[in-house]
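Below: the structure, in structure tokens.
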Amino acid sequence: MERLLKQFFNKADYRRGSILSLMDLNRVKLFEAAATLLVADKAAAESDAEDAVNIMRVVSIKNFKDDARVIVQLLQYHNKAYLQNIPSWNVQAGDIVICIAELRLGLLAQSCYAPGFSTLMANFFTTRSFSERKKYNDAWLMDYSRGTSLEMYARRMSDAFAGMTFTQACEFCYLRLKIVLVAIKTDSSDLATMPQVNPPPDCIAMVGSIGYFIADSTEEVERAMYYCALCHRDVDDPTQIKKCACQMEAEAHEDDELVKMVRGGAPPQQMTRARDDLYLEGKIWSFIRRYPTSPARSITEGQGESEPQLGVDPGSSIKRQPEKAQAQYDSTGMFHWCPGRPIESVLMSRQQAARAEFSGHIVICVISTPGSQIVGLHSFVLPLRSAVIKPEEIRDIVILSDHAFMRKEWQYILNLPRINIVRGTALNRADLRSVTLNTCKMCVILGAPSTGVQMVNVDNALIDKSVILATLNVRAMKFSEDEAVEMVSSQPPSEMGSVSETDSMYQQRKSMQTRARQTGYEVPLITDLIRDTNAQFLDQDDDDKPGTEFYMTQPYACGRAFAGTVLDLLMITSFFNPVIVNVFRTMIFGGASLELEKILAEGAGLIGGTNISKPAQLKNQVLVNQFSISSGPLSVHAESTYGGLFIDALVSFGRLCLGVYRKMDPTDDSSRAAKRFVITNPPEDFILDPTDLVFSLERPEIKTVDPKKGLTAFLSKREE
């Protein structure tokens with residue numbers, strides 16, 4: 001604290017006291033504060049106890065001033081429910097909860113399908129600067145650093161956008177304003193309405209719509225707010241788009257949603273929400289009557305000192321076959337669902353896992369002991385069971401961990417299908433071989449700190465020792481010829497070329513499979529760190545100098561490492577742009593639903609079943625994808641400009657491109673997996689390499705876009 005006060009002596013003021021004391025709250029003039037930010041202690045010995053303290057602090061603040069705006073960090077996802085019990089907690093007034101486990105694990109989950117996605121998204125809510133004059137030692141650092149300066153902003157869109165579809169508005173922003181429109185909110189009357197990320201073609205911008213943009217500065221994003229169809233129609237230089245006389249006249253009637261949120265919001269629609277709550281409670285009552293065994297009870301029933309009974313005979317052949325049961329979804333229609341089952345039915349021994357012959361699966365290695373704190377695997381599994389993923393494309397999730405520890409996690413994920421638990425640890429190579437790392441889609445290494453262990457006085461390098469050793473253990477592995485089997489694709493390569501473009505985005509997620517790896521360096525791997533400074537120990541081949549900031553290290557830039565400390569900056573972003581958090585949650589989890597939050601707050605978990613489950617609700621969901629430009633109809637843009645690819649992908653196929661995943665050395669054709677790094681939203685004239693992979697947000701219901709509904713047609717019609 002002394003160091004911070006010396007560094008920011010003219011900006012920071014320190015007051016010793018307690019938030020639970022009303023006298024101390026009065027002393028710091030909470031009545032006059034724009035907001036109160038509560039930061040969680042990530043080194044706490046008990047994560048649930050730390051969350052309970054922060055929730056009590058929120059109660060104290062709301063008792064002192066019921067309309068005080070609060071932005072609070074929580075460590076565990078399941079503790080978010082308690083905030084909804086506070087009567088004066090008001091999302092419409094700008095109250096925000098940022099769950100570290102939810103966002104951190106959600107980003108890691110999406111990185112299983114799109115490696116590097118965690119870095120791409122984190123760059124959007126970090127505040128960095130970039131200068132063309134600065135000299136970089138490596139060529140890749142220039143392209144990477146340019147992307148780190150981009151941020152996401154929310155602004156009221158100019159009336160000139162009224163009547164445009166989202167695709168038309170996005171194309172206009174990219175070509176004329178030099179910014180990227182990612183999401184839109186057309187209903188500004190209800191502040192609780194979630195924004196739509198890359199919405200379907202029937203989404204039309206209205207007067208007063210709120211846009212969510214990726215830009216380098218506030219000056220750039222304000223072009224969308226100040227653009228005037230009369231005054232700026234012939235302006236070619238976007239820097240000349242400033243507030244005109246038309247805008248000044250309309251300012252008196254402006255009804256900006258963001259300002260309303262900060263100042264207290266509009267009165268809620270009490271009658272409508274009361275009816276929705278009664279309908280929701282009816283479904284929950286129907287669920288608990290039909291399924292009387294609650295998740296918590298099913299866990300405790302199976303606990304005991306004896307060894308759990310496994311569901312398969314160790315000597316039998318149990319080669320894994322895809323499940324062909326009819327797909328079921330939860331009550332929101334947003335996630336795949338299955339009836340709860342006891343943990344014993346999914347437990348596997350090392351031998352059983354080896355005989356299962358998993359392929360194209362996702363491996364989660366949780367370094368844990370029976371006394372470890374839960375890590376919140378629910379937030380990791382949920383994005384991988386989104387309804388936007390076709391039932392036949394769901395990948396098996398294999399969790400390698402201590403089975404006693406997994407009993408505590410199981411109550412939150414027992415209603416999600418295709419999960420297998422293998423008893424073991426990533427510190428044992430035999431256990432790693434049993435889950436067939438050489439044929440997995442992605443391997444994620446997580447650490448679970450032991451309960452009661454305070455990490456404040458522990459050396460930073462030792463806090464992550466287990467995940468670092470596990471990472472090095474994987475890297476040092478070599479696989480025999482017996483293990484080097486081909487990964488089975490759903491279709492032979494000769495048939496892939498005949499697949500229509502309407503199904504290409506699913507085929508790419510499903511068929512991007514490679515030969516079984518020969519060494520551990522070829523295994524796609526993500527390591528989750530508690531202290532970002534420990535990234536230096538993950539790979540000795542990295543050329544990072546001592547003292548390099550985490551966001552500039554190779555493990556982070558390549559998407560091979562992530563740390564929860566990055567999410568601290570999201571609190572600052574959410575202070576200035578309160579609704580930005582919902583956009584991030586929609587991207588990470590495929591969709592954001594207030595109904596889902598209320599259901600989880602009831603404590604019954606995901607609910608579903610007869611007369612409860614809904615059909616797949618794809619309208620408000622988005623798919624995170626990573627496609628290659630070396631094949632398919634977009635291959636014409638290989639060795640061409642990124643701007644041409646962006647417009648073609650958007651206008652022709654409804655794909656919203658966010659960035660590029662490029663090899664550090666494009667000439668590296670060795671069998672060993674080449675390192676790639678993230679380039680966030682490259683410049684329009686950026687030249688693509690045939691080996692590049694492109695990050696995109698896609699709509700599962702959009703196949704192709706009608707060219708007659710493009711921007712040119714809209715502008716021509718307006719001129720008429």
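Note that this is a predicted model, so its numbers are computed, not measured. Each residue takes its place number in the sequence, starting with 1.
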Is there a side-chain contact between [X] and [Y] (heavy atoms, below 4.5 Å)?
X	Y	result
Trp89	Val72	yes
Met152	Asn577	no
Ile526	Asp528	no
Asn54	Glu50	yes
Ile98	Ser574	yes
Leu74	Leu83	yes
Ile19	Leu25	yes
Asn63	Val59	yes

Practice item. Using the side chain to side chain donor-acceptor pair (under 3.5 Å) rule, take Thr369 and Ser372 through it: C-alpha gap first, then chi angles, then the decisive distance, then the call. Key: CA-CA 5 Å; Thr369 62; Ser372 296; 3.0 Å; yes
Can a side-chain donor-acceptor contact be found between [Y] and [X] if the only test is distance below 3.5 angstrom?
X	Y	value
Asp568	Gln73	yes
Gln621	Ser386	yes
Ser401	Ser368	yes

Practice item. Go through the steps for Asp24 and Arg16 under the test salt bridge (Lys or Arg N to Asp or Glu O under 4.0 Å), then give the verdict. Key: CA-CA 8 Å; Asp24 289 338; Arg16 180 177 297 177; over 6 Å; no
Looking at [atom1] of [X] and [atom2] of [Y], how far apart are the two atoms once the value is rounded to the nearest 0.5 Å?
X	Y	atom1	atom2	answer
Glu151	Ser217	CD	OG	9.5 Å
Ser111	Ile362	OG	CD1	10.5 Å
Leu107	Ile588	CG	CD1	4.0 Å
Asp41	Leu75	CG	CG	8.0 Å
Ile607	Asn415	CD1	CG	10.0 Å
Met56	Leu38	CE	CG	12.5 Å

Review point. Passes side chain to side chain donor-acceptor pair (under 3.5 Å), His336 versus Asp330? Steps please.
Key: CA-CA 6 Å; His336 291 274; Asp330 73 318; over 6 Å; no
Point to revise | side chain to side chain donor-acceptor pair (under 3.5 Å) evaluation trace for Asp216 with Ser149 | key: CA-CA 6 Å; Asp216 188 50; Ser149 66; 2.9 Å; yes
Where is the tightest heavy-atom contact between [X] and [Y], given as atom of each residue plus distance?
X	Y	value
Val444	Leu446	CG1-CD2, 3.8 Å
Pro578	Ile96	O-CD1, 3.4 Å
Gly447	Val375	O-CG1, 3.5 Å
Ser145	Met552	OG-CE, 3.3 Å
Pro383	Ile389	O-CD1, 4.1 Å
Ala561	Leu529	CB-CD1, 4.5 Å

Taking [X] for its side chain and [Y] for its backbone only, find out whether a donor-acceptor pair lies under 3.5 Å.
X	Y	value
Arg69	Phe575	yes
Lys408	Ile374	no
Gln196	Thr186	no
Asn681	Leu658	no
Asp464	Val467	no
Glu409	Gly376	yes

Point to revise | Check: Tyr153 ring centre within less than 6.0 Å of Phe213 ring centre | key: no
Check your understanding: Would a line drawn from the ring center of Phe125 to the ring center of Phe584 be shorter than 6.0 Å?
Key ->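 Phe125 vs Phe584: aromatic centres under 6.0 Å.
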Practice item. Verify side-chain contact (heavy atoms from CB on, under 4.5 Å) between Met121 and Gln110, making sure each step is shown before the conclusion. Key: CA-CA 10 Å; Met121 290 298 297; Gln110 290 291 10; over 6 Å; no
Review point. Is it the case that more than 12 heavy atoms not belonging to Phe64 sit under 6.0 Å from its CZ atom?
Key: yes
Exercise for review: Let me see the working for Asp67 and Ser88 under side-chain contact (heavy atoms from CB on, under 4.5 Å), right down to the final yes or no.
Suggested key: CA-CA 7 Å; Asp67 61 344; Ser88 53; over 6 Å; no
**Study point:** Sole residue of Tyr77, Trp410, Tyr412 in ring-ring contact (aromatic ring centres under 6.0 Å, His included) with His378
**Key:** Tyr77
Exercise for review: Would you check, one step at a time, whether the test side-chain contact (heavy atoms from CB on, under 4.5 Å) holds for Tyr212 with Ile210?
Suggested key: CA-CA 7 Å; Tyr212 302 85; Ile210 304 297; 4.0 Å; yes
**Study point:** Verdict with supporting geometry, Phe550 and Tyr556, ring pair (Phe, Tyr, Trp, His ring centres under 6.0 Å)
**Key:** CA-CA 7 Å; Phe550 178 61; Tyr556 177 75; 4.8 Å; yes
Exercise for review: Test Thr553 against Thr548 for side chain to side chain donor-acceptor pair (under 3.5 Å), laying out the working first.
Suggested key: CA-CA 6 Å; Thr553 61; Thr548 303; over 6 Å; no
Check your understanding: Does the pair Lys62/Asp95 count as a salt bridge with the N-to-O cut at 4.0 Å?
Key -> yes
Practice item. Under the side-chain contact (heavy atoms from CB on, under 4.5 Å) rule, what do Tyr144 and Asn123 come out as? Steps first, then yes or no, please. Key: CA-CA 10 Å; Tyr144 169 74; Asn123 284 342; 4.1 Å; yes
